[in-house]
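Each remark here refers to the structure printed beneath this line.
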Amino acid sequence: MLIADISGAIGDTGGAGIQWLAHWDSWFVSLTFARGIGPEELAARLGALPDIHPGPLGAMDAWSMAGETVDGDGVARVGRWGGWSFAVEHGLPAGAERLAEVSRGGVEAVHLDPQPDHPPRQFAYARDGELVCCFGLGEECWRGGHQPDFLLPELVTAGILAPDGAYVRPEDEPGEERDRLTLAVLEARFALALPRHLIEETPLPAFVTCTR
């Protein structure tokens with residue numbers, strides 16, 4: 001399956017960024033990004049079943065297909081934007097469980113899960129086969145991974161954490177603004193961008209992924 005590069009260089013992102021994800025409320029949809037491999041390889045590392053090729057699907061068709069798969073499987077729509085391959089995962093996200101595997105061989109991988117039904121939104125970053133850092137948005141004081149302080153300098157500069165890792169945002173701050181601040185940090189640190197219309201409206205090459 002030939003997958004075209006939807007955009008050109010990092011600078012050709014149209015100002016999309018990822019901060020709009022603070023307002024995204026799609027259920028059972030998450031995003032996995034990978035830098036250093038193409039979209040087809042990303043799908044393979046997410047557990048794509050080799051003999052099932054549904055062809056390009058929009059979000060609604062992918063969601064419908066995810067509901068028809070065997071319990072535990074999902075559908076990944078893949079492409080490339082701004083120097084990163086990406087997968088829009090419908091159903092159970094393979095990226096949440098396989099991020100270290102996705103990042104093997106010097107690859108960088110980022111997983112974002114909005115979880116509107118079970119907040120907070122989740123972030124994880126892996127590199128070269130290792131989970132580097134992970135946390136929930138709004139819960140940055142509780143960080144995991146092999147290098148939990150990997151993003152601490154950026155989070156301190158953004159006024160989200162104190163140098164000792166304590167959370168410093170106001171308790172009454174609206175959740176969407178709180179999440180947007182952290183997404184802005186991730187957007188700048190990893191040069192992430194993905195237009196909303198691309199993942200919600202555009203038909204993209206699709207793969208059935210097995211999370212078992």
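- When atom types are taken as modelled, the side chain of His111 and the backbone of Phe123 share no donor-acceptor pair closer than 3.5 angstrom.
- Under 4.0 Å is where a charged nitrogen must lie from a carboxylate oxygen, and between Arg45 and Glu41 at least one such pair does.
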Test log, rule side-chain contact (heavy atoms from CB on, under 4.5 Å), inputs Phe33 and Trp81:
CA-CA 10 Å; Phe33 298 84; Trp81 184 270; over 6 Å; no

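- The two residues Ala158 and Val185 have their closest heavy-atom pair at CB-CG2, 3.6 Å.
- In this structure, the side chain of Ser103 does not engage the main chain of Glu108 through any donor-acceptor pair within 3.5 Å.
- A donor-acceptor contact under 3.5 angstrom links the side chains of Glu200 and Trp24, judged on distance only.
- Checked by atom type, the side-chain pair Glu89/Thr209 shows no donor-acceptor distance below 3.5 Å.
- The CD1 atom of Ile199 lies 8.0 Å from the NE2 atom of His90; values are rounded to the nearest 0.5 Å.
- Annotation for Leu183 and Ala22: closest pair CD1-N, 3.4 Å, computed over non-hydrogen atoms.
- With respect to Arg104 and Glu101, a salt bridge is recorded, a charged nitrogen being found less than 4.0 Å from a carboxylate O.
- For Ala34 against Leu42, the heavy-atom pair with the smallest separation is CB-CD1, 4.0 Å.
- For the atom pair Leu194 CG and Trp84 CH2, the distance stands at 12.0 Å (nearest 0.5 Å).
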Test side-chain contact (heavy atoms from CB on, under 4.5 Å) on Val78 and Leu46 and set out the steps.
CA-CA 11 Å; Val78 301; Leu46 289 172; 5.6 Å; no

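- Interatomic distance, Leu151 CG to Cys134 SG, rounded to the nearest 0.5 Å: 11.0 Å.
- Closest non-hydrogen pair, Ile160 versus Arg169, comes out as CA-CD, 3.8 Å.
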Leu186 and Val110: side-chain contact (heavy atoms from CB on, under 4.5 Å), yes or no, with the steps?
CA-CA 10 Å; Leu186 303 178; Val110 172; 6.0 Å; no

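- Atom CH2 of Trp20 has more than 12 heavy atoms from other residues, nucleotides or ligands within 6.0 Å.
- Glu140 places a side-chain N or O within donor-acceptor distance of the main-chain N or O of Gly138, the cut-off being under 3.5 Å.
- Between Phe150 and Phe190, the two ring planes are parallel [angle under 30°; tilted spans 30° to 60°].
- The main-chain N or O of Pro203 is never found under 3.5 Å from a side-chain atom of Arg77 such that the two would form a donor-acceptor pair.
- Listed here is the closest heavy atom pair of Asp179 and Arg121: OD2-NE, 3.0 Å.
- In this structure, CZ on Phe135 lies 13.5 Å from CH2 on Trp142, to the nearest 0.5 angstrom.
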Working for side-chain contact (heavy atoms from CB on, under 4.5 Å), residues Thr32 and Phe86
CA-CA 6 Å; Thr32 298; Phe86 68 87; over 6 Å; no

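- To the nearest 0.5 Å, the span separating OG1 on Thr202 from CG on Leu57 amounts to 12.5 Å.
- Remark: Thr182 OG1 to Glu177 CD distance equals 10.0 Å, nearest 0.5 Å.
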